[in-house]
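Since the model is a prediction, treat every value here as computed from it, not as a measurement. Worth knowing before you read on, the calculation uses all heavy atoms, side chains too, and leaves out hydrogens, waters and symmetry mates.
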Amino acid sequence: MRLTICDDMEIYSDLLKEMLQKYWPKTKEPLEIDSFSSGEEVLANYENDKYDAAILDVQMEGITGYETAYEILKQDPTMVIAFHTSHTHINTGSYEIEYSAHIPKGGSDSQYHHEFEKVYKDACARNLVFQSSVGDFKYKEIKYFRQNWRKLMIYTTKGEFVIDGHIRNLNNMTKFIKTSKKYYVNKMFIKDFKMNLVFLKDGSKLPLEVDLSYLNKIQRF
């Protein structure tokens, strides 16, 4: 798994790398870390599918961590974002940034371990694969499924596809929720819920036929 991390203070960048080496979940897959000292550097080196997650300081010289995350998410709406900061609270303001973890600088070992677990879990979810008769799709490529009579429509970042199947057989897909009888939506692409609509990050609007109080209980990221 490959991470991009950013802090304009070397001492905290080194601390984060040290903690990642100690407390990142142990897997057979090696952990690769690219470290940068500014948001501008991160964006200059960012490419889709190059990284599994970005861990950013909030307050930096030049563009902030929020601004950096916002620009990353414009390229890849499902990118896993985490903030490593001394700020007690995360306030993304008008940027509407969904983030997976708030990692306190100089926090306890258990805090680092707990927050890294959340980042890792979300990074893994992005790369799970849905296998179908028309090809294999990573979850981060699938926006939503729609039932159309006996056919299942798959709306992805690569286009639209049709397969035989039924939406009821998709209930155990991580990061997806059923927003109506005919729609099964990837939470990583959801921007907001309002009234009887689901708003996606690409501007799409889908019908919403479940209780909003139920959706409010769901941790989107």
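Tyr23 and Asp109 form a side-chain donor-acceptor contact under 3.5 Å, judged by distance and modelled atom types alone. A donor-acceptor pair shorter than 3.5 Å can be found between the side chains of Asp122 and Ser100. Counted by atom type alone, Arg146 and Tyr155 present one or more donor-acceptor pairs between their side chains at under 3.5 Å.
Taken from CD1 in Ile90 to CD1 in Ile103, the straight-line distance is 9.5 Å, to the nearest 0.5 Å. Note that CZ of Phe199 and CG of Leu208 are 10.0 Å apart. Values are rounded to the nearest 0.5 Å.
Separation of the Tyr112 and Phe116 ring centroids falls under the 6.0 Å cut-off. A ring-centre distance under 6.0 Å is not found for Phe189 and Tyr144.
Gln21 places no side-chain N or O within donor-acceptor distance of the main-chain N or O of Lys17, the cut-off being under 3.5 Å. A donor-acceptor pair is defined here as one N or O able to donate and one able to accept, closer than 3.5 Å; such a pair exists between the side chain of Tyr184 and the backbone of Asn171. A donor-acceptor pair under 3.5 Å is absent between the side-chain atoms of Asp7 and the main chain of Tyr12, judged by distance alone. With hydrogens and angles disregarded, a donor-acceptor distance shorter than 3.5 Å links the side chain of Tyr66 to the backbone of Asn91.
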Verify side-chain hydrogen bond (donor to acceptor under 3.5 Å, both in side chains) between Glu160 and Thr156, making sure each step is shown before the conclusion.
-> CA-CA 6 Å; Glu160 302 173 12; Thr156 79; over 6 Å; no

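When every heavy atom of His87 is checked against every heavy atom of His102, the shortest pair comes out as O-NE2, 3.0 Å.
Among residue pairs with one or both ends in residues 43-60, those qualifying as salt bridge (charged side-chain N to carboxylate O under 4.0 Å, His left out) are Asp49-Lys140, Asp57-Lys105; sequence neighbours excluded.
Within the 4.5 Å cutoff, no side-chain heavy atoms of Met60 are placed close to those of Ser38.
The one candidate from Tyr139, Phe145, Phe161, Phe137 that meets the ring-ring contact (aromatic ring centres under 6.0 Å, His included) condition with Phe130 is Phe145.
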